[in-house]
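Here is the structure we will look at, set down as structure tokens.
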Amino acid sequence: METKRISDKMEKLLNTQMTREAYQAQVYLSYASWAEVNSFAGISTFLYGHMNEEREHMFKILKYINDRGGNAKIEAIDAAPANPKDIGDCLKKILQHEMDNSKEIDKIVNLAHEEKDWATFNFAQWFVQEQIEEETLINSIIDKYNLASNAIKGNTNLYEMDRDLANASQEAEIPREEGF
Ligand code: FEO
């Protein structure tokens, strides 16, 4: 195997984050299934789509570890959390998961900086940007939810919001840079 070009400490941290991204996918998967069972087809489509994004994040880290001469370790993924109470609770919890995940990404950035591991520092920037985009996206959905659920008693606007999300691409509102 090629020479290892990440520290043992970085390899461990990246492996932890890889499993964490798999956990993120578990969260989206479980919430998507919950939304589907509760007849929110649009929201569940959106969440299933996002589950795939999280799996891509997991795979991106796996490839990076191996490409740098490390060893990606496939480990147990924690069970998904309990179902949310309602859509508002679901969105609030998703945002919290994303904000928590951003803090975990920051740990990689901090260690890379500390070790002067500029390759990993550069790699981690993609995730920093991704987290900004994800937090913004979820916040914008929460804004829509608040409008839909507060404007008219009886939540009739929730139907429109659900339909809106069914058609929303994961990346529609936030163009990415070329190459990302
Ligand atoms: Fe891969 Fe939504 O964090």
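Remember, it's 1-based here, ligands and their atoms both numbered in the order they're listed.
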Under 2.8 Å from atom 2 (Fe) of ligand 1, is there an N/O/S atom belonging to Glu130?
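For Glu130, the answer is no, given that no N, O or S atom comes within less than 2.8 Å of atom 2 (Fe) of ligand 1.
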
Assess Glu134: does it contribute an N, O or S atom lying under 2.8 Å from atom 2 (Fe) of ligand 1?
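Looking at Glu134, which is the residue asked about, there is an N, O or S atom under 2.8 Å from atom 2 (Fe) of ligand 1.
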
Anything under 30° is parallel, anything over 60° is perpendicular, the rest tilted; go ahead and classify His113 against Phe121.
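Rings of His113 and Phe121: tilted, as their planes differ by 30° to 60°.
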
Does Glu53 put an N, O or S atom under 2.8 Å from atom 1 (Fe) of ligand 1?
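For Glu53, the answer is no, given that no N, O or S atom comes within less than 2.8 Å of atom 1 (Fe) of ligand 1.
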
Taking atom CG of Asn122 and atom CG of Asp117, what is their separation to the nearest 0.5 Å?
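Answer rounded to 0.5 Å: 10.0 Å.
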
Could you state the interatomic distance from CD (Glu54) to OH (Tyr28), rounded to the nearest 0.5 Å?
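Going from the CD atom of Glu54 to the OH atom of Tyr28 covers 5.5 Å.
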
Is the number of heavy atoms from other residues, nucleotides or ligands within 6.0 Å of NZ (Lys93) greater than 12?
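Counting other residues, nucleotides and ligands, NZ of Lys93 exceeds 12 neighbours.
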
What is the name of the N/O/S atom of His57 that is nearest to atom 1 (Fe) of ligand 1?
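Nearest N/O/S atom: ND1.
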
At atom 1 (Fe) of ligand 1, what angle lies between atom OE1 of Glu54 and atom OE1 of Glu21, rounded to 10 degrees?
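That angle is 80°.
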
Can you check whether Asn71's main-chain N or O pairs, donor with acceptor, with Glu11's side chain at less than 3.5 Å?
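Answer holds: yes.
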
